[in-house]
**Student:** 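Got a structure here, written out as structure tokens. Questions coming.
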Amino acid sequence: MLDLRLIRNDEDAVRAGLARRGEDPSTLDRVVELDAEHRSLTARRDALRAEIRTISNQVGALFREQRGDEAAALQEESRALGGQEQELDARSDELAGEIRDLLLRMPNLPAAECPDGGGEADNVVLRVDGFDPAAYAEHQRVPHWDVGAELGILDVERAVKLSGSMFVMYRGAGAALVRALCQLAIDRNVDLYEEVRPPTLVRTDTMVSTGHLPKFVDEAYQLERDDLWAIPTAEVPLTSLHRDELLDEADLPRRFVAHTSCFRREAGSAGKDTRGLLRVHEFDKVEILALGTPAQAADLHAEILARAEGLITELGLAHRVLDLCTGDIGNSAARTFDIEVYAPGVDQWLEVSSVSWFSDYQARRANLRYRPTDGKGTEVLHTLNGSALAVPRVWAALVETHRTPEGQVLIPDLLRPYLQLYLRGDGPFR
RNA sequence: GGAGGGAUGGCAGAGCGGACGAAUGCGACGGUCUUGAAAACCGUUGGGCCGGCAACGGUCCCGGGGGUUCGAAUCCCCCUCCCUCCGCCA
């Protein structure tokens, strides 16, 4: 949520930021208009309240002095003011609600460094690592759904029987590989990041805090009966972990790592990338997230990116890092780096992590504040996060990249300790 | 799910129609004392919104929402959450 005071004090900057995203400025116009009306209304209401308070105190004093019979005129006066006050108050509440509804649907402003652009095509490729199209052999050009079926480690057909299309089921060594990837990703981050196992069903407020609601209702699974939502990412519960709290600057930054199931309706993407593991409704992901001061944000952003990218590198996966342009960054983000792995079997770049800096956008929605060590008052935090490892696409790229001429999957060194039970004999893994 | 009891500042805990943003204690911070520390003593110690360069002023906040009243932390209604007992359950 944008800061209403920023809109008031520097409307031009907000307007420019929204324009860089290609946003229709009419919402901003409306907010500015409603805000002016709201403020003049509350000022009048507060003045009335002050009068009522003064009168009531006078009435109280009369009663205390046993002169209650002299209070009738004052009581009548106050009653009349009360009527006006209620009217103004009701209208003021109404306006405040309208303003909030609009603000909740407005996107974050892009960071100054965020490259301009209208869409995916304008994203800037910062670097490509380990990618040489000519270096891939024929045995690596097999899509993971075929590798998976052949080795009995991925059973898409039966998953569809159980849950419908875009659900998958890992079996045997394939299921173990999911578990191994998640544990690896957690183990690699617990040095700095506190391990958390949060709920995956959350209240509406929790979804609103990260920006997943109200704008993206259609993307989320809702349990209407219980008024709960299935989280699309651990970002949702982790961002709200300190919601409505006032932290001490000395305790910042706070860092968390969480492995959860993630649920996505993928409403807008019917028919797109539906094969195999490219796009699924339910998947495992290890997320890392940080809360910090504005001054800490840049370092934290770099740190999260380095950790996510480092893991991909060590898994031996070709990948590239994109600096998303203003036309492609997510609604809540100010700046985002995407990590895409190259999957040779399907010959596609697959997004495996969006490492985002949300400035104070989510923190304002979640009411995440801190008390500066030297300064006075309170400040709004910054939030940042990224996937340390998103299972399905990494699983796919790994199985395709490390497929041997014999059709087995060669497990990279750092995963081997987690897969000891599956590395004996001539099973699917080697 | 049933029956009771609760929700007040960082924490504990009073207040139960008027002078209450709220006693008191603890904690924290600053000071006096001390070579230093502890103890003791003195003082400070919430947040939101609006106006103001600021000092400051106005208003709101005692779980949330509504109501009664000239006036609500205090009375009434609804909701949420927590605790105890019973039932059920992994």
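It should be emphasised that the depicted structure is a prediction, and the values quoted were computed from it without experimental measurement. Throughout, a chain's letter reflects where its sequence line sits, starting with A, and its residues are numbered from 1.
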**Student:** Between protein and nucleotides 68-72 of chain B, what N or O pairs are separated by less than 3.5 Å?
**Tutor:**
from: B:C70; atom 1: OP1; to: A:Arg79; atom 2: NH1; distance (Å): 2.5
from: B:C70; atom 1: OP2; to: A:Arg79; atom 2: NH1; distance (Å): 3.0
from: B:C70; atom 1: O4'; to: A:Gln75; atom 2: O; distance (Å): 3.4
from: B:C70; atom 1: O2'; to: A:Ser56; atom 2: OG; distance (Å): 3.1
from: B:C70; atom 1: O2'; to: A:Ser78; atom 2: OG; distance (Å): 2.3
from: B:G71; atom 1: O4'; to: A:Ser56; atom 2: OG; distance (Å): 3.0

**Student:** Give the dot-bracket line for RNA chain B from 5' end to 3' end: parentheses for intra-strand Watson-Crick or G-U pairs under 3.5 Å, square brackets for crossings, | for inter-strand pairing, dots for unpaired.
**Tutor:** ((((((((.[[[..)..(.....]]]((((((.......))))))((((((....)))))).[[[[[..)....]]]]])))))))....

**Student:** Can you name the side chain to side chain donor-acceptor pair (under 3.5 Å) partners of A:Asp3, sequence neighbours left out?
**Tutor:** none

**Student:** With A:His212, which residues qualify under ring pair (Phe, Tyr, Trp, His ring centres under 6.0 Å), at least two apart?
**Tutor:**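 With sequence neighbours excluded, A:His212 shows a ring pair (Phe, Tyr, Trp, His ring centres under 6.0 Å) to no residue whatsoever.
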
**Student:** Do any pairs count as a salt bridge (charged side-chain N to carboxylate O under 4.0 Å, His left out) and have a residue in residues 290-303 of chain A, sequence neighbours left out, and if so which ones?
**Tutor:**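 Non-adjacent pairs meeting salt bridge (charged side-chain N to carboxylate O under 4.0 Å, His left out): A:Arg255-A:Glu303.
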
**Student:** Side-chain donor-acceptor contacts of residues 230-239 of chain A below 3.5 Å, not counting sequence neighbours, with atom names and distances?
**Tutor:**
from: A:Thr233; atom 1: OG1; to: A:Glu235; atom 2: N; distance (Å): 3.0
from: A:Thr233; atom 1: OG1; to: A:Lys285; atom 2: NZ; distance (Å): 2.8
from: A:Glu235; atom 1: OE2; to: A:Gln362; atom 2: NE2; distance (Å): 2.8
from: A:Thr239; atom 1: OG1; to: A:Glu235; atom 2: O; distance (Å): 2.6

**Student:** Students often get this wrong, so: under 4.0 angstrom with heavy atoms, is A:Arg5 touching a base, only sugar-phosphate, or nothing?
**Tutor:** sugar-phosphate

**Student:** Parallel, tilted or perpendicular for A:Trp357 and A:His301, by the 30°/60° rule?
**Tutor:** tilted

**Student:** Evaluate the criterion salt bridge (Lys or Arg N to Asp or Glu O under 4.0 Å) for residue pair A:Arg264 and A:Glu282; output intermediate values, then yes/no.
**Tutor:** CA-CA 6 Å; A:Arg264 301 187 178 178; A:Glu282 175 183 350; over 6 Å; no

**Student:** Are any of the side-chain heavy atoms of A:Arg15 and A:Leu28 separated by less than 4.5 Å?
**Tutor:** yes

**Student:** I'd like to know if A:Glu266 pairs up with A:Arg279 as an ion pair, taking the criterion as any Lys NZ or Arg NE/NH1/NH2 lying under 4.0 Å from an Asp or Glu carboxylate oxygen.
**Tutor:** yes

**Student:** When you measure from the side chain of A:Ala50, which nucleotide among B:G58, B:C60, B:C50 comes out closest?
**Tutor:**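 So the side chain of A:Ala50 is nearest to B:G58.
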
